[in-house]
Each structure stands twice: as C-alpha cells, then as structure tokens.
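Each chain gets a letter, A, B and so on, in the order the sequences are listed, and its residues count up from 1.
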Amino acid sequence: MRLFDTLSREIRELKPREGDTYRFYCCGPTVYGPAHIGNFRTFVLQDVFRRTLEICGLKTFHVRNLTDVDDKTIRDSQAAGKTLTDFTEYWTKKFHKDCDSLNNLPPHKEPSAVGHIPQQVAMIEELVEKGHAYRSDDGSVYFSVSSFPTYGKLSRLDQRELKTGASGAITDDEYEKDSVADFALWKGRREEDGENYWESPWGQGRPGWHLECSAMCREYLGESFDLHSGGVDLVFPHHENEIAQSEACTGASMADHWFHTTHLLVDGGKMSKSAKNFYTLADIEKAGFTASELRYVLISAHYRQPLNFVARDAEGNESFPALQGARQALQRIAKFEKSLKDAAGETPEFSYEDAISLTDRGSFEDAIQALADDLNTPEAFGRIFSAMKAIKPGDLKPEEALREWKGLHTALEAMGIELPAEEEKSEAPPEIAEKAEQRWKAKQDKDWATADRLRDEVLEAGWEIKDTKEGYELCSKN
RNA sequence: GGCGAGGUAGCCAAGUGGUAAGGCCGGGCUCUGCAAAAGCUCUAUCGCGGGUUCGAUUCCCGCCCUCGCCUCCA
C-alpha cells in the first residue's frame, strides 16, 4: 500500500518497521460533547486506512487516544455539575456508539490521558533533565522550542512567519513562558480547575494536551513506530509539538509516516454552530438517514481533498441531497448484490475476516487497488460501479457469480460499507393489504379506473404497490 | 501578512501531456394497461489570461475566487 506522507510530502510505500504488523497511532476525540461529522470524516478515513492495510495482507496495531482532561472537559464538566470522570465517560460512550453505528473497527488500544499521568510526568522529568523544559513561577512546565533545532519540520515552520496570536487564542497573562513558541507540558493548578489536579514534582497541576499523545505513543508503540495520523489542523501545533517532545526525549525518530485528512466543509463553508450547519450523527439520523449513508458520503472524496457536504438543496432547504444520493447509490449496489446472490444460488456467510483472507477478488480487484494507491476511495467507488456495469449476473455460472459476489463484498468491507437491508414487503395493516388485494382484482378485470384509484388510496396511506412478474409487492414509503 | 489546499457537467467527485472515471438529479428508450421498479442510453472541453509543446484540462508564469492553518479545532 502507498500513502502520502505529510513530512516528506511524497507518496510512499508503507512497510512495517517490525515483522508484518503495521503499528500506528491516531489522535482521538476530546470527549466533552458529541463528535461532529467533520470529526468522523477523519475517524472513518482512518478506519478505511486500517481495513485496506489488513486486506492488503498486513496485520495492524491501532492505537487511538481519548483526551479526557483539558480546558474544555474541565470547564464543561463543571458547568454540567459532574465530576470530570463521569462527564468524560458519558461522552466516551456516545463516541463509541457513533463509531459503532458508522461501522468503524475499534482500535486495539484506546488509552486516555487521565489514565497515563505517571507516564506523562516521567516524560516531563526526562525533558527537564535533558534541558528541553523549564518550570515557571506558577508551577507550569514548558517545552523550550529553542532547544530543539528541527522544530517545525512537519509544518515547515522554518519557512513561515508566525503571526503571533493570529488565532486570537493567546492570553499570555495566563501562564508565564519564556517564548511565545514554547508550549505547556504541565499546567500548574489554577483555581478554576477545581478538584481536577494531580501531584507532580513541580506541584499540583495537570498535563498539557500535546504531551499525552507523546507519552501514550511511547507506552504502546515504543520510541519509533510506523505511522501517526490526525486531521490537518493537528499538523500545527499538535503534531509538531509531539515530535519535539518525543524526539527530544528519546533521540529517536517518532513516526515513519504522517497521515493527515483534510477538513469537511458544509455547503462550501466551514462548519460552525453559529452558521447552523453543524451536524452530529444524531442530527443525520433525526433527519431520517443512516450512519451507513453518512459513511458513504464521508469517503466519497479523496482524503486530501476538501469534502463538500451538501446539506441544503438549491432552494435552501435542509434536505441533505448528498445523503439522498448516497441512499440511491447504496440501494443500487444492494440490488446488484442481490442479483449476484441469486445467480450464485447459495452464498456463504462472509465476514470481514473472510474478506481479509480472500485473494481472488474477481472484477473488484481494481477497486481494492485504488484503495491501496493512496487510499483513493472515490476511484474505488468508480471502479465498483464500472465493474457492476460490466457484469451481467444473469449470464454468469453459479461459481462465477459467487466469485464476483465475494469480490464485491471484499471491496465493500475494505471501505466498511454496509448495504441497506431489503425493503420490508409485508407487515402492511389489514385494511391496506385488503385494498391492495382489491386493486389487484380490479386490475385482473382490466378495470383500470378502480385499480388506479385504489393504488392512489394505498399510496396516500403510505404504502406503494409495485407490480412484479408474479403479482405485486407492498412497500412502506417510510 | 506568511504557509498550505483547491477551483472539472445542475450537484458531488476521480483522472490524464494526446482531446475527460463514477455517483446523484434530469432527458430519451425498452418493458408495462398506466405507474412504480428494473435495464439501456444521453448530457462537460476541465476558473481567467499568457507561455512551453506537434499537442495542455494535465507543465510554467500572472490574475481572480474559495477553503484551511498561523499555539490547545478532526
């Protein structure tokens, strides 16, 4: 598999450092509220990345952290009148439920910042010892950027002029540091932190944000590992600072490869609560769409391209045309899958593990290859649809149909796409079923006026009559 | 201001130095009493202006526009 590397700015072949297991770290969510669809673009893409690696024959070791202590978790837990732990556990559960709905494989390890305070403190001690960090008067400890000559290599900081405080986020009276570029490894306890503090050699306080990832990477993946991942916005400062901490501490190169996903836009603009275009999975489901349909949309653009999530139609109504399109496309694939299944006669159970071990993907090999080439999900979809067009299930021998069926499922598993279940045919209320039956009789008698009237009545009641070769079907419109 | 990404059909979105995948929507056709469903099929010269080249959407230069980052936002 090949993938673009942010550090070298090249598409590079992925090779595990050790054995046949690819070991990587993904920056996870800060659990202080529901994750939004932009967050999930990243987490879904990371999941497709992992699935592709595994289907390409590698084993993986996937670590993703939970940030459960920072300004926001402390602030919002206090506002909610809960302990930090109760508060973050609540949002962690929500996050896991959403990931599950979206069909993301759970990481092999999911460490949390609060669960790794000793490791973080130990790392700071090493950094202080080695002269890369200093304590300030308020009990905080800062990383000295000037002590780390290659600082900025990931974000090409050496080539930028930092506009100090351009984001408006610096409030330099809060903490005392030598240089604006320095960042906190440990934050001295403040009044507003309440009971959320830990003991350390520098007094009571809590770890800085960047540090947790460095400490947990080291704990579970060692000094050097295969790949580190996150959204583009993490390139600077978060990942830059992680590199500085880790490499200053261990002297070893932190990660061989850096994988960053570009942001999602909503209706061409940034998603924000004030613009009322801020969506969570719950919002999508409330609007009548499924997590699977959202997943389709989230991987419909290449990960290094901005993805424009269209929520409003040309009239400005919030009708989610992107999700409607996804629904149609998924239904088309589902129908094709059904026709392959019919042509094959019987089809076996086919799990993700089966997909990993399958070597003959038939006509869908091309789709897998598109994923293996810099995770080109839109190209993969294109190739799936092209293959579907080329295959005539009715003309295939059962064994050929089975082969294509397995190949299709493998391509879908690689992207984590779940097909919609077949439409419910029965379960219509008796009076609807009765009308449909009367309509069928009228049709047999060629009494078109009566037949059409009954069909319209049934339709108004929310059920659609579809004639088939043998008779008719009743489908719920809901 | 600095750095980065991007502008491809109504919408979404791949890709390529030799005249552009795929999906949605829409049109046409087939089938059907009609309809739905299904199948087939049609719809772009790639932001603008130069340059390099036999030839550029693809390379270079300039311009316009959009988006992101510039210290705790995936």
Worksheet item: Using 4.0 Å as the upper bound for N to carboxylate O, is an ion pair formed by Lys153(A) and Glu247(A)?
Response: yes
Fill in: Side-chain-base donor-acceptor pair under 3.5 Å for Arg455(A) and C34(B)
yes
Discussion item. Regarding Gly38(A), tell me which of base, sugar-phosphate or nothing describes its non-hydrogen contacts under 4.0 Å with the strands shown.
Written reply: base
Worksheet item: Hey, does Gln305(A) reach any base, or is it just sugar-phosphate, or nothing, if we go heavy atoms under 4.0 Å?
Response: sugar-phosphate
Practice prompt. Mind checking Asp313(A) for me? I need base, sugar-phosphate or nothing, with any heavy atom below 4.0 Å counting as a touch.
Written response: nothing
Discussion item. For a quick check of understanding: with a heavy-atom distance under 4.0 Å over all strands, which category does Ala322(A) fall into, base, sugar-phosphate or nothing?
Written reply: nothing
Discussion item. Can you say whether a donor on the side chain of Asp452(A) sits under 3.5 Å from an acceptor on the base of G33(B), or the other way round?
Written reply: yes
Item to complete: Measure the distance between the ring centre of His263(A) and the centre of the six-membered base ring of A74(B), then answer whether it is under 5.5 Å with planes under 30°.
Response: yes
Worksheet, complete the sentence: Pro237(A) has its side chain closest, among A74(B), A35(B), U71(B), to U71(B)
Practice prompt. Kindly give the heavy-atom pair with the smallest separation between Val235(A) and Ser155(A), and that separation in Å.
Written response: CG1-CB, 3.8 Å
Practice prompt. May I ask you to say what Pro306(A) touches in the nucleic acid, namely base, sugar-phosphate or nothing, with a heavy-atom cut-off under 4.0 Å?
Written response: sugar-phosphate
Discussion item. Classify Leu45(A) by what it touches in the nucleic acid, base, sugar-phosphate, or nothing, heavy-atom distance under 4.0 Å.
Written reply: nothing
Item to complete: Would you mind telling me which residue lines up with the more 5' stretch of RNA chain B, Arg304(A) or Phe43(A), judged by nearest nucleotide?
Response: Arg304(A)
Practice prompt. Answer with base, sugar-phosphate or nothing: what part of the nucleic acid does Lys392(A) contact at a heavy-atom distance below 4.0 Å?
Written response: sugar-phosphate
Worksheet item: If you look at every strand shown and take non-hydrogen atoms under 4.0 Å, does His302(A) touch a base, only sugar-phosphate, or nothing?
Response: sugar-phosphate
